[in-house]
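Let me begin by presenting the structure, written as structure tokens, before commenting on it.
Predicted model only: the values in this text are computed from it and were never measured. Letters A, B, ... are given to chains in the order of the sequence lines, protein chains preceding strands, and every chain is numbered from 1.
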Amino acid sequence: MEYDVVIGLETHVELATKTKMYCGCKNVFGGRANSNCCEICLGMPGTLPTVNKKAVELAVKAGLAFGCRINTKTSFARKNYFYPDLPKSYQISQDSQPICQGGFLEILLENGQKSKRINLRQIHLEEDAGKLIHNEEFGVALVDYNRGGVPLIEVVTMPDLCSEQEVKAYLETLKNALVCLGVSDCRMQEGSMRCDVNISLKPAGSQQLGTRCEIKNVGSFSGAVRAVECEVARQKRILESGGEIEQITMRWDEEKGENVVMRKKEEALDYRYFEEPDIPVVELKESEIEQIRADLPELPNAKLARLIKDFDLLYVEANLLATSPEKCELFEELATALKCDAKKACNWILGDVTRILNERDAQLRESKLTASKLGELLLLIEEGQISNTAGKTVLEEIMWAEVTPQEVVAQKGLAQVSDEQALRAIAAEVLQENPQVQQLYAKGKTNILGFAVGQCMKRSGGRGNPVIFKEIIAKLITN
Amino acid sequence: MNLNEKTATELIKLLNSKACSAVEVITDVFSRIKKVEPEIEAFITLTEESAQKQAKEVDEKRARGEELGPLAGVPVAIKDVICTKGVKTTAASKILKDFVPTYDATVVKALQSAGAVFVGKTNLDEFAMGSSCETSYFKQTKNPCNTEYVPGGSSGGSAAAVAAHETVLALGTDTGGSVRLPAHFCGIAALRPTYGRVSRFGVIPMCSSFDQVGPMGKTVRDLELLFDVVKGADPKDATSFEHEDEKNAKFDIKSLKIGVPKEFFGEIIDPDVREQTLKFVEALKHSGAQVIEVSIPHIDYLLPTYYTISTIEVASNLARYSGTQFGFRSQTFKNLEEMYENTREEGLGAEAKRRIILGTFLSSAASGEDFLGRAIEAKRELAQAYSEVFEVCDLLVTPTSTTPAFKLGEVTDPEKMHATDLPTVGPSILAIPALTLPCGFAPNGLPVGAQLIGKRCEEQLLFEVGKFYEENCR
């Protein structure tokens, strides 16, 4: 029996605000336990929440970027349950009037060959809970409330995903978009992006959905993929042996590499949602929304499509640029304003520039490379003033020092020798010492020329113009 | 001079004219406290030392010719559900019996700026839930008019302290009538402001949609003084807002239209309470006011609507008392579940538990009905009914409660207890102001207070009518 997999995702993303959602504590990761909380986010008696305007703005920004409908009247609600990481014993979230409804994300599959629309149900605002740390030695659980009250948006999809590959593509697309928008830094290792996965199986082609199970708190892309694989396999096993799926909630355990049962349906929590009486309905002006819309940057997927179309780049290279804002900016300046060859600019940036940055584990903004410096370098190579190889040496210098390519070429004497006479002398020497070149070439092995050029380059200390070397050698051999 | 018996208005005159000092005032108040408090038991915590310091500071500032706040040197008592930094704040519950806040409620800060002198924290029904002050974990406050009787609740301690001259002014909180009912039982005045006019930051919540801090005092003029200090928008309370009260308008009793809703003068009201309240209306009519009989249908929606909404919010507001990050925690438990269960079993009183269970049920999916939705519908219909009535009159007069004060231990049926709130829950549900002032006595000597109900933000009109009555009709 063939089964369709039906997956819906709820992704929690910490917002890039200065302060927490309902109080003035700083929104920062880490720090000594319980050093970043106040009476409000600790839920002390009599304290009241006040809404962080910036958090609302960032949620609207995400909503606009994903084509959601923005609710100009949005309200908050209490989600009631007992757990030590939740100081008030309720979370202030949203229920009847979430900030954004509808919308979609376009994901790319099979290296850009296929695209699929994943519809969103809504995006809503809420606050994060504290962190429980289990201390085995003393048999206690310790609570750190630093994270309590940090603003979150929860992005909820419709059950449109069908495989772990789609889940991965969706999470990557979502992350890249939110980082590009400045809504979140999406650092999964710091917990600023986590997701809950809802999975059910149904007989292929059937309209009836199966019983859904939930896997909570997945904190990495690879974890999401494996959690889905495990759960799909588990549900398949049960259905194929004639059993029925029980509605359960699980937690993905990264260390064990498996889904651990948290609770079953009978223990399902009733959150008794009701509108938050301490926060009046928040009303947004159309002009405020339009201002946010006007300031939206181009999203990675749109950028990707444009790079492929306008610059004739391959999917893989366009995708790398689209998801690296700084490198993309550099590329576009070179390819448009400075009129460099797009392909060459792309290769240099994704090739040697990236390699050099990675050696120092640095970001492009930390280097001294500018579009004009790189453009100048490309021009020198284009005009034949220096070889490609010499170009790499120049690049090493201009990346980290306040020097221009011209200066480096002069300093290091890298100017390419194009003088035919000088080069002919070297080429003649090389051919003399390597008689097999002429022999193999005569037999039709034309790529022996490459070897010969290489030898010439060596003998010239890398300064000979390889293009001219090749011409000269070819002439000498065929004569 | 019997300074402790003066009103705030009188004291301010005396202090300004230097006829007495703030230290003399507070000393007299505390000697009164020493005399009657063992019997009245209005206070959970007394802050005599700091009060003396505050009074001294006021006198020194006055001597230096420095500017003083509008309540400089006036003794004020604070209901123990309002947080005071560094001073135990218990909500009269075992679960907070040792809780010391690290923050002041906004209204406390306002009083400090005004130069008030804090007498102490007054007793109440646990977590402000009750009409008799009998559910306090600590002690039983008595009605100073007759100590065999309850002072009313939940702000029973504040009312008794004012009535017994153990303080000059007091702050209480009113959710379904909790400043008005004890004022009526003890023969003093109290105001329930329009919801949102006084900050709730630092006020331990019972029902967040209905709670308001209410001034309590010996006269309506004193209420106005205190209200003017604590009112105002607070950035820490998103439900608060600013409103300017018109102080300069000339009040003319002859242009006043008083609505008397017949449903609040029927069989459900004790005949003595009814008689005294009607006498109050007569007195105003005699002075030239127009009295119009009106009708408010749906009064049988009032208590169910109030108790549905308030218990649902109580269940949520009291959930944080779990022994986790503050307050009392049970010593006997083997796991998390038991810690929660035993802490709340041992730490909360019966009425608190009753309302938490009811509120949890009413808001749960298992109840099978959307009780909250129905209560909201009923609230809409009530709002419509009251607004139609307010089109033909400026304010309403009703009794404050169905009964005068009853004896300690007399009312044991929780439903009967809740029913005493019938005349007061309306303004709470509709976010309109209401003021109770003494208007007579029942034959057994217990006081009766009439309730004035105004349109939204029309506290000033209530003050003017109250002051007029006090000055011309008593």
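For B:Phe361, no part sits under 4.5 Å from any heavy atom of chain A, backbone or side chain. If you measure heavy-atom distances from A:Ile40 to chain B, the contacts under 4.5 Å come from the side chain alone. Residue A:Tyr90 touches chain B through its side chain alone, counting heavy-atom pairs closer than 4.5 Å. Heavy atoms of A:Asp270 lying under 4.5 Å from chain B belong exclusively to its side chain. Interface residue B:Leu336: only side-chain heavy atoms are found under 4.5 Å from chain A. For a residue to count as touching a neighbouring chain, one of its non-hydrogen atoms must lie under 4.5 Å from one of that chain's; by this rule A:Tyr81 does not touch chain B. For B:Ala315, the parts sitting under 4.5 Å from any heavy atom of chain A are the backbone and the side chain alike. B:Thr89 does not touch chain A: none of its heavy atoms, backbone or side chain, sits under 4.5 Å away.
Looking only at heavy-atom pairs under 4.5 Å with chain A, the residue among B:Gly327, B:Ser316, B:Pro205, B:Ser209 that has the most is B:Ser316. Looking only at heavy-atom pairs under 4.5 Å with chain A, the residue among B:Pro235, B:Ala238, B:Ala319, B:Ser322 that has the most is B:Ala319.
Atom CD of residue A:Glu39 and atom OG1 of residue B:Thr102 lie 5.0 Å apart, to the nearest 0.5 angstrom. Within the model, atoms CG of B:Leu362 and CZ of A:Phe274 stand 12.0 Å from one another, a figure rounded to the nearest 0.5 Å. A distance of 11.5 Å separates CG in A:Asn80 from OG in B:Ser364, rounded to the nearest 0.5 Å. In this structure, OG1 on B:Thr239 lies 6.5 Å from CG on A:Leu48, to the nearest 0.5 angstrom. Rounded to the nearest 0.5 Å, atoms CG (A:Asp278) and CG (B:Asn317) are 7.0 Å apart. The CZ atom of A:Arg78 sits 11.0 Å away from the OG atom of B:Ser363 when rounded to the nearest 0.5 Å.
In A:Lys79, the NZ atom is crowded: over 12 heavy atoms of neighbouring residues, nucleotides or ligands sit closer than 6.0 Å. Shown here is A:Arg212, whose CZ atom has no more than 12 heavy atoms of other residues, nucleotides or ligands within 6.0 Å. A:Lys54 NZ: 12 or fewer foreign heavy atoms inside a 6.0 Å radius. Heavy atoms of other residues, nucleotides or ligands lying less than 6.0 angstrom from NZ of A:Lys53 number 12 at most. Within a 6.0 Å radius of CD in B:Glu338, other residues, nucleotides and ligands contribute more than 12 heavy atoms.
For A:Thr47 against B:Phe201, the heavy-atom pair with the smallest separation is CA-CE1, 3.9 Å. Nearest heavy-atom pair, B:Arg320 versus A:Met44, reported as atom, atom and distance to 0.1 Å: NH1-O, 3.4 Å. Minimum heavy-atom separation, A:Pro45 to B:Tyr321: CB-OH, 3.6 Å.
Counting only distance, with no hydrogens or angles, the side chain of B:Gln325 and the backbone of A:Leu42 share a donor-acceptor pair below 3.5 Å.
Counting heavy atoms from C-beta on, the side chains of B:Leu372 and A:Glu275 never come closer than 4.5 Å. Between A:Cys38 and B:Tyr103 the shortest side-chain heavy-atom distance does not fall below 4.5 Å. The closest side-chain heavy-atom distance from B:Tyr340 to A:Pro84 is below 4.5 Å.
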